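To start, the structure under review is shown below, and the notes come after it.
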Amino acid sequence: MAKWLVKTEPSECSIDDFENAQVQTIPWDGVRNYQARNFLQEMAEGDDVFVYHSSCKHIGVAGIVRVVTSAYPDPTQFRADSPYYDPKSTPEKPRWQAVDMAFEKKLPRLIPLDEIKSLPGLEGLALIRRGNRLSVMPVTEQQWQIILANA
DNA sequence: GCCAACGTTGGC
DNA sequence: GCCAACGTTGGC
């Protein structure tokens, strides 16, 4: 079972939104980067995903969600009124994918970015590589355990 | 609000 | 196919 990390601005979608969701799942859509999309496509039902809060007051890993539905064409790419609309995409040849995720748990505390940067064994984590902008990335089992152990 | 780093676009 | 210009990301 693979493990992942996704970035999100909590003002858009936070771990609390997952916890409080009336519907059980939240679609992870609007990803418009090819490398991130490819990782989305690799996600399988049941995979665990760290939720990372970015561009906010408390930056860091806040909780865990689970992949409930593996990749399907992101409907927002076809909606002209969506900020994620992509006129070059067609239902026959969709460019972008989404997955559905559900709340699993909040971590006992948010693990701040500067701590993640200082933990031994996380040097290879894409999140903390210089200038990184990936919003969806794989996390190795070992990296996952190191982060969890510091929660 | 600044700005470094990056991905994408489009002219050639 | 190159690469300059541009827009975006995201920490600070």
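Everything numeric in this text was worked out from a predicted model, so none of it was measured. In the text below, chain A, chain B and the rest are named by the order of the sequence lines, each starting its count at 1.
Atom C1' of nucleotide dG10(C) and atom CG of Leu134(A) are separated by 13 Å, given to the nearest angstrom. Following rounding to the nearest Å, Arg95(A) (CZ) and dT9(B) (C1') show an atom-to-atom distance of 12 Å. Separating the CG atom of Asn38(A) from the C1' atom of dG7(B) is a distance of 14 Å, rounded to the nearest angstrom. Rounded to whole Å, atom P of dT9(C) lies 13 Å from atom CG of Asn132(A). With rounding to whole Å, Glu12(A) atom CD is found 11 Å from dT9(C) atom P. In this structure, the CG atom of Leu127(A) is 11 Å from the C1' atom of dG11(C), given to the nearest Å. For the pair His53(A) NE2 and dG11(C) P, the interatomic distance rounds to 12 Å; values are reported in whole Å. dG7(B) atom C1' lies 15 Å from atom CE of Met137(A), rounded to whole Å.
Taking every heavy atom of residues 110-125 of chain A and every atom of DNA chain C, pairs under 4.0 Å involve Leu113(A), Lys117(A), by number.
Applying the 4.0 Å criterion to OP1 and OP2 of dG10(C), one finds that Lys7(A) has a side-chain N or O inside that range. For dT9(C), the OP1/OP2 oxygens have no side-chain nitrogen or oxygen of Tyr52(A) closer than 4.0 Å.
A salt bridge (charged side-chain N to carboxylate O under 4.0 Å, His left out) with Asp74(A) is found for one member of Arg95(A), Arg37(A), Arg32(A) and no other, namely Arg32(A).
Residue Asn33(A) is the one, among Lys88(A) and Asn33(A), whose nearest nucleotide of DNA chain B lies closer to the 5' end (criterion: closest heavy atom).
Counting heavy atoms from C-beta on, the side chains of Leu148(A) and Leu107(A) come closer than 4.5 Å.
Between the side chain of Gln143(A) and the backbone N or O of Thr140(A), at least one donor-acceptor pair lies under 3.5 Å. Side chain of Arg129(A) to main chain of Gly124(A): a donor-acceptor pair is present (N/O by atom type, distance under 3.5 Å, no hydrogens or angles). Although no hydrogens or angles enter the test, the distance criterion places no donor-acceptor pair under 3.5 Å between the side chain of His58(A) and the main chain of His53(A).
Both Leu134(A) and Leu127(A) sit in one connected hydrophobic cluster of ILVMFWY residues. Membership requires side-chain heavy atoms under 4.5 Å apart, directly or through other members.
The side chain of Tyr34(A) sits closest to dT8(B) out of dG10(C), dT8(B), dG10(B). Between dG10(B), dG11(C), dT8(B), one nucleotide has an atom nearer to the side chain of Ser55(A) than all others, and that is dG11(C).
Looking at residues two or more places apart in sequence or on another chain, you find a ring-ring contact (aromatic ring centres under 6.0 Å, His included) between Trp96(A) and Tyr34(A).
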